[in-house]
There are 4 protein chains.
Amino acid sequence: MQILKEDVRNKIREAALSEFKREGYLQASMRRIAQAAGVTSGNIYRYYESKEQLFDAIVQPVFEQYTVNMKEIHHKVELSYQSDERINPVYFKNIESTLVELFKTYSSELTIMLNQSTGTKYENVKSDLRQLVYSILERVLLTIRGEETRLSPEDHALVQMLSSTMMEGLCLLLRDNEEGDTLRKLVDQFLFVNYQGINALIHQETRKRSGME
Amino acid sequence: MQILKEDVRNKIREAALSEFKREGYLQASMRRIAQAAGVTSGNIYRYYESKEQLFDAIVQPVFEQYTVNMKEIHHKVELSYQSDERINPVYFKNIESTLVELFKTYSSELTIMLNQSTGTKYENVKSDLRQLVYSILERVLLTIRGEETRLSPEDHALVQMLSSTMMEGLCLLLRDNEEGDTLRKLVDQFLFVNYQGINALIHQETRKRSGME
Amino acid sequence: MQILKEDVRNKIREAALSEFKREGYLQASMRRIAQAAGVTSGNIYRYYESKEQLFDAIVQPVFEQYTVNMKEIHHKVELSYQSDERINPVYFKNIESTLVELFKTYSSELTIMLNQSTGTKYENVKSDLRQLVYSILERVLLTIRGEETRLSPEDHALVQMLSSTMMEGLCLLLRDNEEGDTLRKLVDQFLFVNYQGINALIHQETRKRSGME
Amino acid sequence: MQILKEDVRNKIREAALSEFKREGYLQASMRRIAQAAGVTSGNIYRYYESKEQLFDAIVQPVFEQYTVNMKEIHHKVELSYQSDERINPVYFKNIESTLVELFKTYSSELTIMLNQSTGTKYENVKSDLRQLVYSILERVLLTIRGEETRLSPEDHALVQMLSSTMMEGLCLLLRDNEEGDTLRKLVDQFLFVNYQGINALIHQETRKRSGME
DNA sequence: AATGAATGAGCTTTCATTCAT
DNA sequence: CATGAATGAAAGCTCATTCAT
């Protein structure tokens, strides 16, 4: 039974998408992908030359777009560092928008890149992203705390925690929501909760400190 | 040199703990565990009858304790459902305390159960826990919203999101912190951020609604 | 653009010739042959029913001609055995001429048959040929040694060696030379070296023997 | 059924030796090696970490010894180039001795390295060796021809041919003889035949040339 | 006739598990 | 009890051959 080539290529892609999303790169099985695609295992290799390349074919587009967008944000953050300008949460909005925008086109691919890429060249993307969030939060907190150049150990731990949980939260939302508008609303709410919460936390701490002194 | 049986059993357990924590159940290798334990791979099977059972031996204690504690919380939640009593965030505190308490005794085991159990019978624990958090948050919101018996789709999505991100955040903290006091402080901060944030969100929404009417 | 059938058949043949010559039967790839022939891999099978049969189609003509010629030589050798006639090196000249003659028409095919046929029914041709050379040399040596009917073990080993190295040398020349005149000259030189060398060896040995007795 | 480790290692080595000798590296099958060794295919990998490494384990010892010996010969040849000293056939004797000496310890391994190593890092050893023989013969002929610095195209072809056939002849002897003393005798005879033959050829040609002028 | 997608057996390699010693 | 060699199923991948179009 002969099917059009692009048809099969897509079926393989779909099957792989689902397998990678469910199992992660390492645990994914080419035979299972083949079966799910209704194709023999050997035939996959007419379309994608290896498991790695199949993964790449899925993730690269989103990664490229992601890289472009993130570079811009990085650049702005660097600039504001140099110009001693006050960093504000608008950068989060940028990251958020980037991710949500990417999500609209590449929802599963984005999740795979962020959450299921252990064993591939993308495995550090999430932690790089967390690092970026960390450096933004760090800058915000430094500004608030006054003229210090380094965070206290406590603040470091706090910022670490916040960047981790915010990133992980965002990734979770990407993973669990199929629909773009719902996602955007949830992301907005999620960020609102975090901004408000962080604000409250910092003010409380500031009050505590004043009270102590 | 003869080594006491329990000694060996513990060495294997320790090695497995570290391997499962680092690699997760599926990627963990019995050979590496054996090597790290200073034991031959075959000998593991005199102490634990399979990879799964070894995983079990590590996770079951924390799971049992966890189950007992969670059942109580569940029970209280159920009760308050029936008694129409108002649920308050104290339940979160219970969950938090339970996890932090468990963490004191079983820090790695807890992380493994929650984050590294894909492929085992524990793989749903986290989502069950999320479900519990969901039902608490749901109840809270229902109370706030008035006498409704079911959440609106929007509120459902919101509560789903909040329970997910809070759970995931907590799991992350458990995973990344070796030290109990630091952990507790971070958990407190994390929950504070979330409570405050959620409060702010709800009030804002309430205001918006009133404004609309 | 329609290509005539014979045209395609030839293109495949040419491509296969080159592939078999370079890679040998087993390492040859039908896909590469197809590609080199500018033909799809499936289409090869309309002209040649299998890899083996394609190989056959290339080698059989030279094999048949070779067989005819060799049978004659064989026959002469047999005859001279029976007639107790003295065998002389002219038979080598016959073999040489046969090979060089075949080479003129079938240079690559001959090389393939002799050197690249492992895994096919022709894989023994070279050793059969060596056997023929052996029997000629054997007869020559028997004549020289006197009236013996079997060679001594030492002479057997010697003749074995000489027939092997001469055959292998010839095959090498066939393999490495594209051009007929160069080939013929080299073959002449090669055989001259061997004849002279063998003569010198035998005379020396004869002298040694006489000296010993 | 448990057998001593070294026993199995040897059985695998023996089976591999035989398989590589018969089939060559590429065509050799790990499954067949396993079967011939009376071992399951997986078990080979406890002893040798890959097909390539198994091949290496067989060939490396002979290659190392070979390299040491050949470097010395190379060195001598280079020296005599610089010192403008006349090169004499003693270098062949060196090469011959080296190969025969190696053969005594590593008969099959040597054959495998020289004749069955396509696809491995040893695949160029034979042609390197042929190149060495070429450069010796070239030097000899240059000396004979007078003061020329490069061979004429005809002489080049001749020397090419002679180095090829001599090398190939030697390799053949290594391949076909299991017993060291027999081999040495045959090699001696083979080289004698070639020396005498080459001498005769050169003198004849010299005569021809004189006659022509 | 021709295409090239599809097949499926076979390849090397890994690894949880078993078992003779 | 302990060893570690052995097992065998399954992984990713290749390739001669088939067959629907």
Side-chain angles (χ1 to χ4, degrees), chain A residues 1-9 26-34 37-54, chain B residues 1-5 8-9 26-34 38-54, chain C residues 1-5 8-9 26-35 38-54, chain D residues 1-9 12 26-34 37-54:
Chain A
M1 158 196 7
Q2 185 108 345
I3 311 176
L4 284 186
K5 216 184 152 189
E6 279 313 307
D7 207 43
V8 173
R9 181 182 289 277
L26 289 172
Q27 225 55 45
S29 150
M30 292 297 269
R31 276 179 171 83
R32 263 194 315 259
I33 291 172
V39 149
T40 53
S41 60
N43 199 26
I44 288 186
Y45 292 85
R46 290 188 55 72
Y47 297 91
Y48 301 95
E49 60 190 27
S50 68
K51 185 182 180 182
E52 189 163 1
Q53 207 263 3
L54 172 54
Chain B
M1 171 192 1
Q2 187 95 350
I3 306 180
L4 288 183
K5 213 184 151 190
V8 174
R9 182 182 287 276
L26 289 171
Q27 288 303 316
S29 150
M30 292 296 270
R31 275 184 176 78
R32 270 195 308 261
I33 291 172
V39 149
T40 54
S41 59
N43 200 24
I44 289 185
Y45 290 83
R46 294 196 72 72
Y47 295 90
Y48 301 96
E49 64 189 25
S50 71
K51 186 181 180 182
E52 187 157 7
Q53 207 265 358
L54 171 54
Chain C
M1 173 191 358
Q2 188 95 350
I3 305 181
L4 288 182
K5 215 185 150 190
V8 173
R9 181 183 288 277
L26 289 171
Q27 288 303 316
S29 150
M30 291 298 268
R31 273 185 177 78
R32 271 195 307 260
I33 291 172
Q35 201 157 30
V39 149
T40 54
S41 58
N43 200 23
I44 289 186
Y45 291 83
R46 292 197 71 72
Y47 295 91
Y48 302 95
E49 62 189 25
S50 70
K51 186 181 180 183
E52 187 157 7
Q53 207 265 358
L54 173 54
Chain D
M1 159 194 5
Q2 183 110 343
I3 311 177
L4 283 187
K5 216 185 153 185
E6 279 313 307
D7 207 42
V8 174
R9 182 182 288 277
I12 294 171
L26 290 172
Q27 224 54 44
S29 151
M30 292 298 268
R31 275 183 172 82
R32 266 194 313 258
I33 291 172
V39 148
T40 52
S41 60
N43 199 26
I44 288 186
Y45 292 84
R46 289 187 55 72
Y47 297 91
Y48 300 95
E49 61 189 27
S50 70
K51 185 181 179 181
E52 189 163 1
Q53 205 264 2
L54 172 54

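Reminder, nothing fancy here: chain letters follow the sequence lines and each chain counts from 1. Because only heavy atoms are used, hydrogens play no part in the values below, and waters and symmetry mates are left out as well, while side chains stay in.
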* Across the strands shown, which category fits C:Ala28 at heavy-atom distances under 4.0 angstrom: base, sugar-phosphate, nothing? -> sugar-phosphate
* Structure fact -> In terms of heavy-atom contacts, C:Arg9 and C:Tyr47 come closest through NH1-O, 3.3 Å
* To do: Specify the separation, in whole Å, of atom CD of C:Gln35 and atom C1' of E:dG4.
  => 13 Å
* To do: May I ask you to verify if any side-chain N or O of B:Asn43 is less than 4.0 angstrom from the OP1 or OP2 atom of F:dT3?
  => yes
* For the side chain of A:Arg31 and the base of F:dA10, is some donor closer than 3.5 Å to an acceptor across the two? -> no
* Among E:dA2, F:dT17, F:dA6, which is the nearest nucleotide to the side chain of C:Tyr47? -> E:dA2
* Whole Å only: how far is the CD1 atom of D:Ile12 from the P atom of F:dT7? -> 10 Å
* Asked: Crowded around C:Gln53 CD? As in, over 12 foreign heavy atoms under 6.0 Å?
  -> yes
* Quick one: closest heavy-atom pair of D:Ala28 and D:Lys51, and the distance? => O-NZ, 2.9 Å
* What is the minimum heavy-atom distance between D:Thr40 and D:Ala34, and which atoms define it? -> C-CB, 3.9 Å
* Take the protein atom CZ of D:Arg32 and the nucleotide atom P of E:dA9, then report the distance between them rounded to whole Å. => 18 Å
* Asked: On DNA chain E, nearest-nucleotide positions of B:Lys51 versus A:Ile44: which is more 5'?
  -> A:Ile44
* Asked: In whole angstroms, how far is the P atom of F:dA10 from the CE atom of D:Met30?
  -> 21 Å
* Structure fact -> Residue pair D:Ser41/A:Glu52 against DNA chain F: nearer the 5' end by closest nucleotide is D:Ser41
* To the nearest Å, give me how far apart CD1 (A:Ile33) and P (F:dA11) are. => 11 Å
* **Spacing of C:Tyr48 atom OH relative to F:dT18 atom P, expressed in whole Å** => 17 Å
* Asked: For B:Gln27 and F:dA11, what is the distance between atoms CD and C1' respectively, to the nearest whole Å?
  -> 12 Å
* **Integer-rounded Å distance: E:dA6 C1' and A:Arg9 CZ** => 15 Å
* Go ahead and write out DNA chain E as dot-bracket, 5' to 3': ( ) for pairs within the strand, [ ] for ones crossing earlier pairs, | when the partner sits on another strand, dots for unpaired; Watson-Crick or G-U wobble, both distances under 3.5 Å. => .||||||||||||||||||||
* Per C:Thr40 side chain, nearest of listed nucleotides E:dG4, F:dG12, F:dA5 -> E:dG4
* B:Arg32: what forms a salt bridge (charged side-chain N to carboxylate O under 4.0 Å, His left out) with it, not counting sequence neighbours? -> B:Glu19
* Test for a donor-acceptor pair under 3.5 Å between the base of F:dG4 and the side chain of D:Arg46, counting only N and O atoms. => no
* **B:Met30 vs B:Ile33 side-chain heavy atoms within contact, under 4.5 Å** => yes
* Asked: Should the heavy atoms of other residues, nucleotides or ligands under 6.0 Å from CD of A:Glu49 be counted, would the total exceed 12?
  -> no
* To do: Please state whether the phosphate of E:dT3, meaning OP1 or OP2, lies under 4.0 angstrom from any side-chain nitrogen or oxygen of C:Tyr45.
  => no
